There are 2 protein chains.
Amino acid sequence: MLETALRLFASQGFHGTSIRDVAKALELQPSALYAHFASKEHILAELVQLGHEAHHEALRKVLLSAGTEPEAQVRALIRAHTVMHATHPQLSVVVNEESHALPPELAAPAMALRNQSTALLLEVIERGVAMGRFTPPHAVATAAAISAMGVRLPYWYEPAGTLDVDTLADIHAELALRMLGGR
Amino acid sequence: MLETALRLFASQGFHGTSIRDVAKALELQPSALYAHFASKEHILAELVQLGHEAHHEALRKVLLSAGTEPEAQVRALIRAHTVMHATHPQLSVVVNEESHALPPELAAPAMALRNQSTALLLEVIERGVAMGRFTPPHAVATAAAISAMGVRLPYWYEPAGTLDVDTLADIHAELALRMLGGR
DNA sequence: GTCTATACCACGATAGAC
DNA sequence: GTCTATCGTGGTATAGAC
């Protein structure tokens, strides 16, 4: 049911999807949904939270086994970031486009996770700069540019095409290191 | 009036903004809007079209005075792309997030322009590759990554902060050339 | 947990006077 | 080109039976 809502929110947007749409896709009556969620906003909040948790967990996990070299850490983070967005494009789209439809109190936990994920990359970059391994023109703008590669994936990348996810992740890691002036 | 609709569409989304919202912001009655536009969708279509035209025109114009060197051409395209997104963040957001709320026939002209703009960058890159000046890991993915830097700007960049638009444009041009392996 | 039925409201859009 | 008034529809959500 979260999956159904996700599919609809991703293709028509949160405000463009009605409770009736979700119910119809599930072959239920609209009222049946309220046994599972307090409101339409709570469905979105759940999706946004799950998306941020999965993303943050993935980044945290790969960083643990990435060793201490800044280059390897960047490569691990960017590979995970890219794989996440390439394999869960609908969740990525909803998280990035519809989060702002939530009232602040429902979005707050997810926003906190987002800030932590952003900080994870920035800290690795700044450590690399301090070690003299990276020479980005601007740490914050470069971190944003690196992150943007993944976030924009759902808008052009076709997993069924000639470029498989693993190769794409390598390409993004390579591009990130080039931006940083690493290696 | 387009400006008012743009402001509301950017902050609440197309489906999240009602005709009544727009009318109230203009201190008009809802019915008064229909003297100017046939429907709510036509307001969005106009904004989407204007946004794509301004973007495409900007790219075309700078390319004319960028000379024949691929590096200079990339620099010119990326600078224009970045300046556009940094100085018109609301238009960029609406164009990129709400275009899909339009029926295909209303969105078609803008989509055609978008494809042309995408092709502009890709052609410069592929020419640079053919000349042996660029060595991107993957031309299409690298073009997408370069474009993504600009598209994501409205979500983090604050023109009022310490980083001015002109410096940012230079940073993005530098990052693009690094990704391409140019110079 | 799902149903039928419905309350109540906001939606986009139109009619017709001025 | 803006107004008042309103039409018809579809929105979120609830009540209460099973």
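To find a chain, count down the sequence lines: A is the first, B the second, and so on, and within it residues start at 1. The figures that follow rest on heavy atoms only: side chains count, while hydrogens, waters and symmetry mates do not. Everything quoted here is computed from the prediction, not taken from an experiment.
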Worked check of side-chain hydrogen bond (donor to acceptor under 3.5 Å, both in side chains) between B:R114 and B:N96: CA-CA 11 Å; B:R114 161 173 298 233; B:N96 281 296; 3.2 Å; yes
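At whole-Å resolution of the value, CD1 in B:I19 and C1' in D:dC3 are 17 Å apart. Spacing between atom NE2 of B:H15 and atom C1' of C:dG12 amounts to 13 Å, rounded to whole angstrom units. Between A:Q29 atom CD and C:dT6 atom C1' the separation is 13 Å, expressed in whole Å. A:L26 has its CG atom 15 Å from the C1' atom of C:dC3, to the nearest Å. When rounded to the nearest whole Å, the span between NE2 of A:H42 and P of D:dT12 equals 15 Å. Residue A:L8 contributes atom CG, which lies 12 Å from atom P of D:dT12 at whole-angstrom precision. Straight-line distance from the NZ atom of A:K24 to the P atom of C:dC3: 14 Å, rounded to whole Å. If you measure from atom CZ of A:F14 to atom P of D:dG11, you get 13 Å, rounded to the nearest angstrom.
In this structure B:R133 satisfies the salt bridge (Lys or Arg N to Asp or Glu O under 4.0 Å) test together with B:E69, B:E71, sequence neighbours excluded.
B:R20 contributes a side-chain N or O that forms a donor-acceptor pair with the base of C:dG12 under 3.5 Å. No donor-acceptor contact under 3.5 Å links the side chain of A:S31 to the base of C:dT2.
Contact check on A:E174 versus A:R178 returns a salt bridge, with a Lys/Arg side-chain nitrogen under 4.0 Å from an Asp/Glu carboxylate oxygen.
Within residues 32-40 of chain A, the residues having any heavy atom closer than 4.0 Å to DNA chain D are, in order of number, A:Y34, A:S39, A:K40.
In this structure, the side chains of A:Q73 and A:R127 come closer than 4.5 Å at one or more pairs of heavy atoms.
Proximity of a side-chain donor or acceptor of A:H55 to a complementary backbone N or O of A:G51 within less than 3.5 Å is not detected.
For the side-chain contact (heavy atoms from CB on, under 4.5 Å) with A:F14, the qualifying choice from A:K40, A:H100, A:E97 is A:K40, the only one to do so.
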